[in-house]
Amino acid sequence: MFRFRRSTLVSGVAVLAVSVSALVAPAISAADPIPADRRDADPAATAPAPVPLPTSADAPDSRLAALLSTMGQGVDGANDLGCVPSPEHPRPVVLVHGTGAGMYPTWTYVAPELERLGYCVYALNYGAAQGYLDPDRTVWGVSNIERSAEELGTFVDAVLEHTGAGQVDLVGHSQGGVVSRQYLKFEGGANPADPALNRVRNLVMLGATNHGTTFNGLQQLYTVLAVLGLTNGSDAVAELLFRGTNLGAAGQQQLIGSRMLSNLNKDGDTRPGVTYTSIATRYDQIVTPPESSFLRPGPGAEVRNVWVQDGCPSSPADHSTILMRPESLHLVKAALDPDYAAGNSVPCPAPEAE
């Protein structure tokens, strides 16, 4: 009768986990939210280049500039330290990217559109970790979500201080919606005792993992490891599995039924005084099932759950192209400013000829 050491079994499963995750990664990786073939979104679209971020030399007394100087590449349309909120748009908009991707390239289409409408737009990078295969490369949005929510809170405070505004609006993609909700519930973004003191008025989400995801099948592999007793939520095998897909600890926390999500959604999805808009697409290949993006309204909060295809049945938007398609960007603009929706029709794509 053969006896296998647990360490031998763990090592073998670790190799299997990394091998399988490498196969699954192309289907689920959020490392590049802008698809290589932009013809799917716009035949004339080209990839905007990253821009330098402000530094402390640009504004020596600005805490916001000091934070931005640590965040790598910037994106056009965001982080103009000279922007002054207008009476029409008194709240700065803070953009919160998703898993495995920073502000660039996530917001290369959203930020310029909002700036053009007169918003003061700010974007951060959070959740940094070193690349698994390239330790010299920084991967954003992969570390512990609770810690990322703290980083978001620090950034929002700096934006409010810099602009003199009383509140911000948040726009989050994928994990960015969850990080924003974690900030609202646990890191001072909302004040249930006195919602007038909330730091956030609107939270707009695109393809958010609010109630978890199977990551298009990766959860099944993780479940096998758990059944075998090879992971307890922080085990090295699980870390290898999620690092191998550029999802990191944050990927593990976004699985359906994770402890982090259970704690976040306990006692309700929302905070009083905040208006939530959750925009989802029926063709989301990362948030599976896609309806898990939607929220349940609690006391004192307003929730709008919207399919991109509600207004544009022919829209092919998926988890990536929801960030650039005109019909989904229209929903973001309308959520931030109801008057925009009243004066602008939804720019739906023409149905494909049969």
Side-chain angles (χ1 to χ4, degrees), residues 30 32-48 75-78 89 93 95-98 101 103 105-119 121 123 169-177 180 202-210 275-295 302-354:
D32 184 5
I34 306 301
D37 186 358
R38 287 171 177 78
R39 291 174 296 178
D40 291 342
D42 180 354
T46 56
V75 62
D76 189 38
H89 301 301
V93 176
L95 306 178
V96 191
H97 62 77
M103 70 178 83
T106 302
W107 304 116
T108 50
Y109 293 89
V110 175
E113 285 285 301
L114 295 181
E115 183 190 46
R116 181 179 61 81
L117 292 176
Y119 290 95
V121 183
D169 291 336
L170 300 178
V171 177
H173 175 241
S174 195
Q175 183 201 153
S180 297
N202 293 293
L203 170 56
V204 183
M205 295 166 285
L206 296 145
T209 51
N210 284 315
T275 296
Y276 298 80
T277 302
S278 184
I279 302 166
T281 172
R282 297 184 186 277
Y283 304 116
D284 198 316
Q285 76 279 38
I286 305 298
V287 181
T288 50
E291 57 268 24
S292 64
S293 289
F294 291 153
L295 298 178
E302 183 179 353
V303 170
R304 302 166 186 155
N305 293 316
V306 184
W307 292 109
V308 175
Q309 289 78 18
D310 284 347
C312 292
S314 61
S315 173
D318 60 22
H319 193 74
S320 298
T321 58
I322 198 172
L323 290 164
M324 64 176 72
R325 295 200 60 87
E327 62 270 25
S328 49
L329 298 190
H330 174 91
L331 294 174
V332 173
K333 298 169 190 175
L336 293 172
D337 180 6
D339 289 339
Y340 181 87
N344 296 272
S345 59
V346 184
C348 294
E352 293 184 5
E354 296 185 0

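Position 1 is the first residue of the sequence, and the numbers go up from there.
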Visitor: Rounded to the nearest 0.5 Å, how far apart are CG of N305 and OG1 of T277?
Guide: 9.0 Å
Visitor: To the closest 0.5 Å, what do you measure between CG (L331) and CD1 (I279)?
Guide: 5.0 Å
Visitor: Given 3.5 Å as the limit, does a donor-acceptor pair link the side chain of S314 with the main chain of P349, or not?
Guide: yes
Visitor: Identify the two heavy atoms, one from A280 and one from S293, that lie closest to each other, and give their separation to 0.1 Å.
Guide: CB-CB, 4.1 Å
Visitor: For L329 and M324, work out which heavy atoms get closest and say how close.
Guide: CD1-O, 3.9 Å
Visitor: Is there a side chain to side chain contact (heavy atoms under 4.5 Å, CB included) between S292 and V287 once you walk through the steps?
Guide: CA-CA 7 Å; S292 64; V287 181; 3.4 Å; yes
Visitor: Test of understanding: with salt bridge (charged side-chain N to carboxylate O under 4.0 Å, His left out), list the residues that count as partners of D284, not counting sequence neighbours.
Guide: none
Visitor: Atom NE2 of H89 and atom CG of L117: how far apart are they, to the nearest 0.5 Å?
Guide: 6.0 Å
Visitor: For L206 versus H173, what's the shortest heavy-atom pair and its separation?
Guide: O-CD2, 3.3 Å
Visitor: Using 0.5 Å steps for rounding, measure from the NE2 atom of H319 to the OG1 atom of T209.
Guide: 7.5 Å
Visitor: Where is the tightest heavy-atom contact between E327 and V346, given as atom of each residue plus distance?
Guide: CB-CG1, 4.2 Å
Visitor: Given side chains that start at C-beta, do those of T106 and L323 come closer than 4.5 Å, heavy atoms only?
Guide: yes
Visitor: Could you walk me through whether W107 and V171 satisfy the side chain to side chain contact (heavy atoms under 4.5 Å, CB included) test, starting with their C-alpha distance in whole Å, then the side-chain angles of each, then the deciding distance to 0.1 Å, before giving a yes or no?
Guide: CA-CA 10 Å; W107 304 116; V171 177; 4.1 Å; yes
Visitor: Report the residues that fulfil side-chain contact (heavy atoms from CB on, under 4.5 Å) with S328, sequence neighbours left out, ordered by chain and then residue number.
Guide: V308, I322, R325
Visitor: How close do A334 and A341 get, heavy atom to heavy atom, and via which atoms?
Guide: CB-CB, 3.6 Å
Visitor: Please tell me if the side chains of P290 and Y283 come closer than 4.5 Å, counting only heavy atoms from C-beta onward.
Guide: no
Visitor: Per the salt bridge (Lys or Arg N to Asp or Glu O under 4.0 Å) rule, what does the pair list look like for residues 330-342, sequence neighbours excluded?
Guide: E113-K333
Visitor: Tell me the closest heavy-atom pair linking V93 and Y119, and the distance in Å.
Guide: CG2-CD2, 3.6 Å
Visitor: Is there a donor-acceptor pair closer than 3.5 Å between any side-chain N or O of T321 and the backbone N or O of D318?
Guide: yes
Visitor: Working note: S315 + T281, criterion side chain to side chain contact (heavy atoms under 4.5 Å, CB included); need CA distance, chi angles, decisive distance, verdict.
Guide: CA-CA 9 Å; S315 173; T281 172; 5.7 Å; no
Visitor: Could you grab the distance from atom CG of L114 to atom CG of L95, nearest 0.5 Å is fine?
Guide: 6.5 Å
Visitor: Mind checking the OH-CG spacing from Y276 to N202? Nearest 0.5 Å is all I need.
Guide: 10.5 Å
